[in-house]
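What follows is a single structure, written as structure tokens, with notes after it.
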Amino acid sequence: MPLSIATWNVNSILARLPTALAVLKHVDADIVCLQEIKCEDARFPRLEIESMGYNVATHGQKTYNGVAILSKHRIEEEAPGLPEGEGDDHARYLECVIAAPGGPVRVASVYAPNGNPVGTEKFSYKLAWHDRLIAHAERLLALEEFCVIAGDYNIIPRDVDADDPASWRGDALFQPESIGKYRALANLGYVECFMQADGRPRQFTFWDYQAGAWRRDHGIRIDHLFASPQAADRLTGVSIHRDARAMDKPSDHVPIIGAFDW
DNA sequence: ATGGTCGCGTAGCGA
């Protein structure tokens, strides 16, 4: 059976609610990973999302960060936060096991730190956070499950994943150390779905609100779906819902959807 | 041109 898994940095679910509901309806994914919901669990618009046929798991935070997973199938387990998180109060990781018709699937919604400016504790936090993600992803790989770790990685993997790579050269999203974290996940055995299904240049998922970035197509590809071998073997395609950036009150990110046969 | 624009929350930070 087809199983679609989307990821979308919504940039505040409350500020975005009418837009988000329209986008979610159009994307119509079985599972949706959301980032930057920017609200505590109790304030998440659960009823509105549930009325679309989704079960909801949240790992919320006031003002900043916050991730969620929406699923048309039953959510069997919820695990907020990465291991080794003592002293880290950012809500950036939520993992669920979902009872898909083809069998259980493990899905994680990740919101990696931005890390700017380079050379500060923000950048070292970004790298250390990725190291914790990579260590956890390695443990998940040993389970030999259908597993997808999807979200806003805040990493531009290649020059061709930016409209103007030179303008990102000094940015935390485009540092060799950051790209090394993306490659480390792939080197573990995870497959980045976009690269497996398409890989073509200039397919962007983020356009800044500033300086007419959308109008000029000054975009970058920073939202990724990493699939375990058991999931990657079932990948049938990837699509980017570019139209979402042209809506009223858009997020600065658009959804990217992996299609699987499971 | 080192700007611009959002969201949160109501000043200034984060992105």
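Just so we're clear, the structure is a prediction, and the values are computed from it rather than from any experiment. In the text below, chain A, chain B and the rest are named by the order of the sequence lines, each starting its count at 1.
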On DNA chain B, check which nucleotide each of A:Asn65 and A:Gly212 is closest to and give me the residue with the more 5' one.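 So the residue in question is A:Gly212.
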Residue mapping more 5' on DNA chain B - nearest nucleotide basis, A:Arg216 or A:Asn11: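 First, find each residue's nearest nucleotide; the 5'-ward one identifies A:Arg216.
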Does B:dC13 have OP1 or OP2 under 4.0 Å away from a side-chain N or O of A:Thr63?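 Checking A:Thr63 against B:dC13: no side-chain N or O falls below 4.0 Å of OP1 or OP2.
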May I ask you to say what A:Phe206 touches in the nucleic acid, namely base, sugar-phosphate or nothing, with a heavy-atom cut-off under 4.0 Å?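 Nothing: the residue A:Phe206, judged by heavy atoms under 4.0 Å, touches no strand.
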Reckon A:Arg16 touches a base, only the sugar-phosphate, or nothing at all at heavy-atom distances under 4.0 Å?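 Sugar-phosphate only.
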In this structure, how many angstroms lie between the [atom2] atom of [N] and the [atom1] atom of [X], rounded?
| X | N | atom1 | atom2 | result |
| --- | --- | --- | --- | --- |
| A:Asp208 | B:dT2 | CG | C1' | 14 Å |
| A:Tyr125 | B:dG14 | OH | P | 13 Å |
| A:Asn114 | B:dC13 | CG | C1' | 13 Å |
| A:His90 | B:dA15 | NE2 | C1' | 13 Å |
| A:Gln210 | B:dT5 | CD | P | 7 Å |
| A:Lys249 | B:dT5 | NZ | C1' | 12 Å |
| A:Lys38 | B:dG14 | NZ | P | 12 Å |
| A:Tyr111 | B:dG14 | OH | C1' | 8 Å |

Quote, to the nearest angstrom, the [atom1] distance that separates [N] from [M].
| N | M | atom1 | value |
| --- | --- | --- | --- |
| B:dA1 | B:dG12 | C1' | 24 Å |
| B:dG7 | B:dT2 | P | 26 Å |
| B:dG9 | B:dG14 | C1' | 13 Å |
| B:dA11 | B:dC6 | C1' | 16 Å |

Looking at A:Glu50, I'd like to know if its CD atom is crowded, meaning that more than 12 non-hydrogen atoms belonging to other residues, nucleotides or ligands lie closer than 6.0 Å.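 Yes - once you tally the heavy atoms of other residues, nucleotides and ligands closer than 6.0 Å, there are more than 12.
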Measure the acute angle between the ring planes of A:Tyr153 and A:His130, then classify it against the limits of 30° and 60° as parallel, tilted or perpendicular.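 A:Tyr153 and A:His130: parallel rings.
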Does A:Asp41 come within less than 4.0 Å of A:Arg46, counting only side-chain N to carboxylate O?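 Looking at A:Asp41 and A:Arg46, the cut-off is not met.
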Ignoring hydrogens and geometry beyond distance, is a side-chain donor-acceptor pair present between A:Ser251 and A:Asn11 at under 3.5 Å?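 No pair is found: no donor N or O on one side chain lies under 3.5 Å from an acceptor on the other.
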Partner of A:Thr7 under side chain to side chain donor-acceptor pair (under 3.5 Å), chosen from A:His224, A:His253, A:Gln35: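 It is A:Gln35, the one option of A:His224, A:His253, A:Gln35 that forms the side chain to side chain donor-acceptor pair (under 3.5 Å) with A:Thr7.
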Which listed nucleotide (B:dA15, B:dG9, B:dG14) is nearest to the side chain of A:Tyr64?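 Of the candidates, B:dG14 comes closest.
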Nearest-nucleotide pick for A:Lys122, side chain only, options being B:dG14, B:dC8, B:dT5: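 Out of B:dG14, B:dC8, B:dT5, the nucleotide with an atom closest to A:Lys122's side chain is B:dG14.
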